[in-house]
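For reference, the structure discussed in these notes is given below.
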Amino acid sequence: MNAECGSTVRVRIAPSPTGNCHVGTARTALYNMLYARKYGGKFILRIDDTDLSRSTKESEEGVLEGLRWLGIKWDEGPDVGGPYGPYRQMERAYTYREVADRLMAEGKAYRCYCTPEELEAERREALAVGKPPRYYGKCRNLAPEECAKLEAEGRKHVIRLRAPDKILTFVDLLRGHQQKDMGERGDFVIVKSDGSPVYNFATVVDEHYMAMTHVFRAVEHLTNTFDQLAVYEAMGWDPPQFGHLTLMLNPDRTKISKRAGAVYIGEFRDMGYLPEALVNFLALLGWNPGTEQEIFSMDELVEAFSVETLSRSDAVFDIKKLDWFNGVYIRSLTPEDLAARVRPFMEKAGYATSDQAFLEKAVTLVTDRLGKLTEAPDMLGFLFVDRVDLARESFAGKGKLTPGDIAGALVECERVLGGLDQWTHEDIEASLRALAESLGWKVGDLLMQVRVAITGRRVTPPLFESLVLLGREKSMARIARATRALEE
RNA sequence: GCUCCCAUGGUCUAGCGGCCUAGGACAUCGCCCUUUCAAGGCGGUAACACGGGUUCGAAUCCCGUUGGGAGCGCCA
C-alpha cells in the first residue's frame with residue numbers, strides 16, 4: 001500500500017468533458033491530488049472524450065475551471081502538457097487502434113458481426129432463465145472467408161476481447177482482495193463499430209502509456225476492473241493499483257443528482273460558498289484524519305491524508321454541514337479578503353463597491369453573520385442605497401407600541417443624536433442608552449426603532465457600528481424621514 | 001436473475017475483542033452572553049439494522065437475513 005516502491009507515484013483524474021465539474025469528480029480529483037502530493041508524485045488530468053459527440057473546447061474548459069477554482073492543480077494535462085501526452089483520449093485514437101490490432105493478430109480479440117438486435121435478444125433470453133446476460137461467442141471462431149462474406153454484405157463489426165476462462169484477482173487499496181471468475185463473463189467489446197474504443201479498453205491503454213501507478217476512482221468501477229484486468233493480461237502489461245472510492249448520496253440515499261440540489265462546482269460558487277470550505281467538506285466526506293480535527297487547509301490535508309482512513313461506505317452530502325464549514329472559513333478571512341470575495345455578489349445586486357475602505361468596514365459588520373457570500377447584499381444593502389423602504393409594521397413588530405409612541409421616541413432620538421459633538425460609537429451608544437432610561441423604554445425597544453428607521457428592517461448588523469458607517473448626515477435624515485412616515 | 005460492494009445517532013464519522021456507562025463534528029433542543037440577528041460559551045435528546053454462532057468477554061471476528069448500492073452496454 002505504500003506508494004514509493006521504487007517508481008514515482010502517478011495518479012490521475014479523468015473527467016468527461018461535460019461542460020461542468022461535478023462534485024463527485026471534484027472529490028475524486030482531490031483525493032488523487034492529495035495522494036500525489038503526499039508521496040511526492042505527479043497528479044495528471046486526462047480528458048476522457050471518447051464520447052465524441054459531446055466534446056467541445058468549452059465543455060472541457062468548464063471542467064478544468066471548476067477544478068481550478070477549488071485549488072486543485074495538476075502537473076500534467078491537456079492545458080499544461082507533459083511528457084506522457086496526449087492528455088485527451090481522442091488524440092490517442094491511433095494507439096487504441098494499434099493495440100486492438102495487436103490483440104487481433106495474437107488471436108486474443110476478434111471481429112464480431114452480431115447486430116445490436118441480436119445481442120439484445122440474447123441478453124433477454126439469458127435473463128429470462130436466470131443467467132447473467134452475456135455474449136456467448138457466436139462470432140468467436142469465424143473463418144476468414146466467413147468474415148469476408150459478412151464484410152461484403154456490408155455488415156459492420158466490433159472487436160471483442162476473448163475473456164480469459166479463469167479467476168482474475170486484484171487487491172483493492174480500500175477493500176482488500178477482490179476476485180471474479182471471468183468464465184462467467186462473455187467476450188466483451190473493446191472497439192465499437194465506428195472504430196472508437198470502449199471505455200474499459202481505452203482507459204487501460206491510457207493508464208499504461210501514461211504510466212499510472214495508482215487509480216483511485218468511484219466504486220461503480222469496481223466490477224469493471226476485471227474487464228480491464230483482462231486487457232492488461234492480454235497485453236502482458238502490469239496493471240496499476242486500484243482503490244475504489246465511495247459514492248456521494250442525496251438525502252434519500254440515492255446517488256447524488258441534480259434534483260436534490262447543487263451538484264456542479266460552479267453552482268456552489270454562485271451560491272456563495274468558499275472553495276476552501278467546499279474542499280474541506282468534500283475531503284471529510286469519505287475520508288477522516290483519524291483525529292478530531294475538522295478544519296483543514298489544503299496543505300494540512302496533504303499532510304494528514306492516508307488511504308487507510310478512506311471510508312468504504314457511501315456518504316450523504318449534507319449541505320448543512322457545508323454551510324457550517326463555509327461560516328467557519330468566512331470568519332477566518334481578513335476584511336480585505338472578505339471584501340474581495342463579497343464584491344462580485346454586491347455588484348451583481350447592483351451596489352457600487354468602488355470604495356474599498358468602505359466595503360471592508362461594511363463586511364466587518366457581518367463577518368460573524370454570513371453563512372454564504374450571497375447573503376451579503378441583503379445584509380449590507382442599506383449602506384449602499386440613498387433611501388430604504390419603510391413599512392409601518394416593521395417598527396411595531398409584535399409589540400404593542402403605537403405609531404404615535406414610536407414617532408415620539410424617534411423625535412427624541414433625533415434631538416439627542418443631533419446634539420452630539422462627535423459621531424462615534426461610544427457617544428451614540430451612551431446618548432441612546434441614556435435616552436431610553438429617561439423615557440422609561442427598554443434599551444432594546446428604543447434601539448429597534450432606530451434600527452428600522454436606518455435599515456428598514458428588524459434584523460441587521462450591529463446598530464451603532466452601522467450608524468457610524470452610514471454617517472451622521474444620512475443617519476439623521478433617515479430618522480427624520482421615519483418619523484414623518486409614522487406621523488402620517 | 002447472477003456477481004460484487006456497503007451497513008455505528010437525522011447527517012459525516014471514531015472504534016480495528018476487554019480502555020465503550022459507545023467519542024467528536026453538523027443538525028436539533030435548552031440555558032448563558034446580548035441593541036436585533038448572528039457568532040461564542042455551557043448543557044440536553046439521539047446510534048452499534050436483525051438473527052445465529054466463536055469467545056471468559058463482540059459495535060469490533062464468522063455465517064445467515066434484511067436493507068442500500070454497483071456491475072453484467074457498440075455510456076463513461
Side-chain angles (χ1 to χ4, degrees), chain A residues 14-16 18 48-51 54 89 112 114-116 119-120 123 126-135 156-160 172 174-175 178-181 184-186 188-200 202-203 218-227 244 246-247 249 251 253-255 281 284-295 308-309 311-325 327-328 331 366-371 379 397 429 432-433 436 442-448 450-452 455 457-464 466:
Chain A
S16 302
T18 56
D48 276 8
D49 56 356
T50 50
D51 186 11
R54 295 187 296 180
Q89 287 190 323
C112 167
C114 295
T115 64
L119 296 170
E120 182 52 35
R123 264 193 291 272
L127 244 20
V129 295
K131 290 164 109 177
R134 52 173 284 208
Y135 179 69
K156 292 198 163 184
H157 71 268
V158 298
I159 298 176
R160 285 180 188 274
D172 188 279
L174 279 75
R175 298 156 208 274
Q178 305 290 324
Q179 64 175 57
K180 184 173 186 183
D181 184 356
E184 310 276 293
R185 180 82 172 98
F188 56 90
V189 177
I190 56 174
V191 177
K192 305 176 198 174
S193 56
D194 67 0
S196 65
V198 164
Y199 171 79
N200 279 328
T203 200
V219 69
E220 52 203 345
H221 292 292
L222 182 56
T223 22
N224 286 333
T225 306
F226 297 101
D227 284 1
H244 291 91
T246 58
L247 254 28
L249 271 27
R253 303 203 77 87
T254 53
K255 189 172 163 182
F281 170 72
L284 257 29
L285 201 64
W287 168 82
N288 79 80
T291 66
E292 290 184 350
Q293 184 177 348
E294 299 268 339
I295 304 300
E308 285 73 22
T309 51
S311 63
R312 285 166 294 278
S313 50
D314 299 341
V316 172
F317 187 100
D318 179 13
I319 197 115
K320 285 274 186 57
K321 185 126 187 188
L322 206 210
D323 288 347
W324 175 75
F325 274 112
V328 169
R331 274 170 253 134
V366 294
T367 308
D368 286 349
R369 281 155 251 269
L370 279 180
M379 288 182 189
E429 177 164 8
L432 255 19
R433 281 186 186 282
K442 279 197 257 178
V443 175
D445 284 344
L446 184 68
L447 295 184
M448 181 55 81
V450 181
R451 181 187 309 283
V452 175
T455 67
R457 10 181 120 187
R458 299 177 66 83
V459 176
T460 77
L463 183 58
F464 307 124
S466 297

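Naming: A, B, ... by sequence-line order, numbering from 1 per chain.
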Can you identify which nucleotide, out of B/rU13, B/rA70, B/rA76, has its nearest atom closest to the A/Tyr199 side chain?
B/rA76

Is the positively charged end of A/Arg160 above the ring of A/Tyr135, judged by distance under 6.0 angstrom from the centroid and angle within 45° of the axis?
yes

Report the base-pairing partner of B/rG51 (Watson-Crick or G-U wobble, both distances below 3.5 angstrom), or none.
B/rC63

By salt bridge (charged side-chain N to carboxylate O under 4.0 Å, His left out), which residues pair with A/Lys321, not counting sequence neighbours?
A/Glu294

Tell me what A/His244 touches on the nucleic acid: a base, only sugar-phosphate, or nothing, going by heavy atoms under 4.0 Å.
nothing

Partners of A/Asn288 by side-chain contact (heavy atoms from CB on, under 4.5 Å), sequence neighbours excluded?
A/Thr309

Close N/O contacts between protein and nucleotides 19-24 of chain B (under 3.5 Å):
{"unit_1": "B/rG23", "atom_1": "O2'", "unit_2": "A/Glu292", "atom_2": "OE2", "d": "3.3"}
{"unit_1": "B/rG24", "atom_1": "O4'", "unit_2": "A/Glu292", "atom_2": "OE2", "d": "3.1"}

B/rG9 pairs with which nucleotide, Watson-Crick or G-U wobble, both distances below 3.5 Å?
none

How does each nucleotide of nucleotides 35-40 of chain B score, in 5' to 3' order, for protein heavy atoms under 4.0 Å: base (B), sugar-phosphate only (S), or none (-)?
BBBBSS

Nearest to side-chain heavy atoms of A/Asn224, which nucleotide of B/rC74, B/rG71, B/rA70
B/rG71

Counterpart residues, side chain to side chain donor-acceptor pair (under 3.5 Å), relative to A/Arg134 (two or more places apart):
none

Annotated protein contacts, base or backbone, on nucleotides 1-10 of chain B with a non-hydrogen cut-off under 4.0 Å, one of B, S, - each:
B--SSSS---

Relative to the 5' end of RNA chain B, which residue comes earlier, A/Thr254 or A/Val189, by the nucleotide with the nearest heavy atom?
A/Thr254

